[in-house]
Amino acid sequence: MDRIRITGGRPLHGEIPISGAKNATLPLMIASLLTDKTLVLDNVPHLADVVQLQRILNNHGVDVMLSGKRSGDADNKGQTVKISAEKIVDTTAPYELVSKMRASFWVIAPLVARMGEARVSLPGGCAIGTRPVDLLIMALERLGAKIDIEGGYAIARAPRGLRGGEIVFPKVTVGGTHVAVMAAALAQGTTVIENAACEPEITDVADCLVKMGARISGAGTRQIVIEGVSSLSGARHSVLPDRIETGTYAMAVAMTGGDVLLQGARAELLQSALDVLVQVGATVTATNEGVRVARNGAGIAPVDVTTEPFPGFPTDLQAQLMALMTRARGTSHITETIFENRFMHVQELARLGARISLDGQTATIEGVERLKGAPVMATDLRASVSLVIAALAAEGETVVNRVYHLDRGFERLEEKLGQCGAAIERISG
Ligand code: UD1
């Protein structure tokens, strides 16, 4: 299993290209199941989760073609993926595949909408607390699907197709909103989704569906209205930049000091996180080329932050902010409201010398003068990158074990940081 070795203490200077968003790529690839025509996606990141979803789509009989790098292409250029679900040969998504990545459960929506049936394994446990799918199932039922749970599988049936309806989410759910929008796109009649997620990835997927012929309005607001159509066509769509990757590197720069241009990043996708970084003492400038983040001289100021659905501070940057706060001049509080038990990184950060105490969903972080390198273990995607951020500022050497978590969501992390002066290397095997 690969590990990453980091020797801390170097500021970051230079440019980091921001990849296409993982959390948009996955639902966009899943949306390809809605049509028998070809969907072409540009700016797709090279990530383990993308490869895993490709396997799942292949299992349904979908043709996924990834273009190779052409001479003259920049190293950071995203992939172009051509996906053709001309024939769906199997409407079952088996446990072995779904259990590796929760978002793959979302295939249930296009499968039942287009094929009238789907048999999809329930995703099972997850390192960041129970992550149920009850609201996804509720949404499909509101559109007329009959759903039974048997042998660990959700079996959805709508032999005469789905019909539009009103879906009111009692809490904001990104996955629930993706599922509802995809299913409603092919349902007969009008669907109104209330309390929809407003995350930029929802808007990106809706934009792509509209290019495919779907009739969707209000994506990016709390109410989305969909007029169902009988079939969708192919389209070409470029994945929006990854706001979580952007925020992660922005926090890394705030941690180490230095000055980095996050190329291709869009400030409006993570304004709340950038506002926090300004409070922390970083300088953030949106330019035509991306977002420039710098910190020099001044220390790291403590902050109090609560995670919220978009446009609030994202839960996917909570661990990274906590790493940054370990070196603040004073005491910070971070409250997690989206996921229970998303504090797996606390114990590992403590191994580097961080002082963090937990009270329910709130972490109190007492900033320390120095962190010291140590072997640590990655536990989930965002937690593992928080260890990288802490290690970049720790004295001496840190080895992050189980980096396959990082590879799920961060493309060429060690190269991107290494280019900016970090002492970071991958140790294979
Ligand atoms: C997505 C993101 C993930 C991010 C999360 C919140 C992808 C691939 N993943 O995950 O990176 O951290 O949004 O921004 O885009 N819930 C229920 N019942 C359900 C569904 C969700 O109670 O049926 C709860 C969850 O337990 C959680 C909250 O709703 O407390 C939000 O979860 P949700 O937005 O659905 O997260 P995901 O879509 O799984």
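Heavy-atom basis, side chains included; hydrogens, waters and symmetry copies ignored. Given the structure is predicted, the values throughout are model-derived calculations rather than measurements. Counting starts at 1 for both ligands and their atoms, following the listed order.
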Using 4.0 Å as the upper bound for N to carboxylate O, is an ion pair formed by [Y] and [X]?
X: Glu414; Y: Arg426; value: yes
X: Asp242; Y: Lys22; value: no
X: Asp49; Y: Arg102; value: no
X: Glu150; Y: Arg119; value: no
X: Lys146; Y: Asp148; value: yes
X: Arg355; Y: Glu366; value: yes

For ligand 1, note which part of [X] has a heavy atom under 4.0 Å away: side chain, backbone, both or neither.
X: Phe169; value: neither
X: Leu135; value: both
X: Glu336; value: neither
X: Asp316; value: side chain
X: Val172; value: backbone
X: Lys171; value: side chain

Quick check: [X] and ligand 1, any N/O pair under 3.5 Å apart?
X: Ala103; answer: no
X: Gly175; answer: yes
X: Arg102; answer: no
X: Gly176; answer: no

Notebook entry, point to check: If you count the atoms of ligand 1 from 1 in the order shown, which ones are under 4.0 Å from a heavy atom of Trp106?
Noted result: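 Close to Trp106: 7 (C), 8 (C), 15 (O), 38 (O).
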Item checked: Beyond-backbone contact of Val260 with Tyr249, side-chain heavy atoms, under 4.5 angstrom -> no
